[in-house]
2 protein chains.
Amino acid sequence: MAHALSLAQNEIADDDALARDVLGQVAGRWSLGVLCVLAEAKGPIRFSRVLDGVDGITAKVLTQALRQLERDGFATRTIYAQVPPRVEYALTELGLELIEHVDPLTRWATRRAKDFRAARARFVR
Amino acid sequence: MAHALSLAQNEIADDDALARDVLGQVAGRWSLGVLCVLAEAKGPIRFSRVLDGVDGITAKVLTQALRQLERDGFATRTIYAQVPPRVEYALTELGLELIEHVDPLTRWATRRAKDFRAARARFVR
DNA sequence: ATCGATAGTGACCTAAAGGATACTTATATG
DNA sequence: CATATAAGTATCCTTTAGGTCACTATCGAT
């Protein structure tokens, strides 16, 4: 065993490793898009509205993405005991901060797109 | 066919999509670690020195990571016709910019690690 | 009695990323 | 002659992300 006090499945001891893990998740195919829809909503928003807002996502994958955002503290999930069910999601303060910190990076990358394109055109192997 | 002038395999038409693609690659398991070793070297550095510098990576995966960094313009690769072979990698201006833009995000995430940990501890499902 | 609405879950599949291990090449050294 | 070296490839395997499609529960409305 690697640790004196063993870790439960998926607990991460080191802050750097945890930060990398969280950012790695966020870098997935859908997380940022979902986060942006939550941000645009400026308040609680239902599951099916998010589903409409994120182009191309399926219900199953959206559920997974939302669970992960909830797990890491970027979104909240509120269930109303109604039939048919109502579940609302909202961005947290932490989620908003994440968006604000990711934004400059994506803006830079978009500004530099021409350079990426040129590099890829040059590249042969 | 989706485009009037069809795209070769893996060409991306839209700047936003290209930027996302590049950042998606960079967000992989190894790219940033490799980039940091190139940055610390402050100059050309041999394949095997990079291999030593990135903890846990294998030669095959390092080769893949370096090829991708080269392809997107973040690193250069110089082959010297010697036996045994010598190949040197170096960070480009674009690669340095990337590091400078990613850094604030990872610093923020590390500062917030406590919050991620707390959220994950709270989370049960 | 059946339908539609909402927010899912479950079983299954594919593609891509990552990883282990063995092999290659040419030369210099002992 | 055998061995070491550097920078990889080739082959095979496992894991993970993402995707399809079918299914569920409950209630009010038709």
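In what follows, every chain begins at residue 1, and chains take the letters A, B, ... in the order their sequences are listed.
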**OP:** Tell me, please, which residues at least two apart from Ala39(B) pass side-chain contact (heavy atoms from CB on, under 4.5 Å).
**Re:** Leu91(B), Ile99(B)
Original post:
How would you list, by chain and number, every residue that makes a side-chain contact (heavy atoms from CB on, under 4.5 Å) with Ala90(B), sequence neighbours excluded?
Top reply: Thr76(B)
Original post:
Among residues 62-84 of chain B, which residues get a heavy atom nearer than 4.0 Å to DNA chain D?
Top reply: Thr63(B), Arg67(B), Arg77(B), Pro84(B)
**OP:** Can you run down the side chain to side chain donor-acceptor pair (under 3.5 Å) pairs that involve residues 40-54 of chain A, sequence neighbours left out, and say none if there aren't any?
**Re:** Arg49(A)-Asp52(A)
**OP:** Applying side-chain contact (heavy atoms from CB on, under 4.5 Å), name anything that partners Val87(B), two or more places apart in sequence or on another chain.
**Re:** Arg77(B), Ile79(B), Tyr89(B)
**OP:** Sequence neighbours left out, what passes salt bridge (Lys or Arg N to Asp or Glu O under 4.0 Å) with Arg67(A)? Give chain and number order.
**Re:** none
Original post:
Is Val83(B) linked to Phe47(B) within one hydrophobic cluster, defined over Ile, Leu, Val, Met, Phe, Trp and Tyr using a side-chain heavy-atom separation of less than 4.5 Å?
Top reply: no
Original post:
What side chain to side chain donor-acceptor pair (under 3.5 Å) pairs are there with at least one residue in residues 13-23 of chain A, not counting sequence neighbours?
Top reply: Asp15(A)-Lys114(B), Asp15(A)-Arg117(B), Asp21(A)-Arg120(B)
**OP:** Sequence neighbours left out, what passes side-chain contact (heavy atoms from CB on, under 4.5 Å) with Val102(A)? Give chain and number order.
**Re:** Leu32(A), Leu98(A), Thr106(A), Leu105(B)
**OP:** Name every residue in residues 24-61 of chain B that has at least one heavy atom under 4.0 Å from any atom of DNA chain D, in order of residue number, or write none if there are no such residues.
**Re:** Arg46(B), Phe47(B), Ser48(B), Lys60(B)
Subject >> Qualifying ring-ring contact (aromatic ring centres under 6.0 Å, His included) pairs with a residue from residues 53-77 of chain B, counting only residues at least two apart or across chains >> reply: Phe116(A)-Phe74(B)
**OP:** At the 4.0 Å heavy-atom cut-off to chain A, mark where contacts on DNA chain D begin and end, going 5' to 3'.
**Re:** dG18(D) to dC27(D)
**OP:** Indicate yes or no for a side-chain donor-acceptor contact from Thr92(A) to the backbone of Gly73(A) under 3.5 Å, with no hydrogens or angles considered.
**Re:** yes
Subject >> Bend angle of the helix from dA1(C)-dT30(D) to dG30(C)-dC1(D), end axes from five pairs each (to 10°) >> reply: 30°
Subject >> Steps toward side chain to side chain contact (heavy atoms under 4.5 Å, CB included) verdict (Gln68(B), Gln64(B)) >> reply: CA-CA 6 Å; Gln68(B) 172 245 296; Gln64(B) 290 171 351; over 6 Å; no
Original post:
Under 4.5 Å between any side-chain heavy atoms of Asp72(A) and Phe123(B), yes or no?
Top reply: no
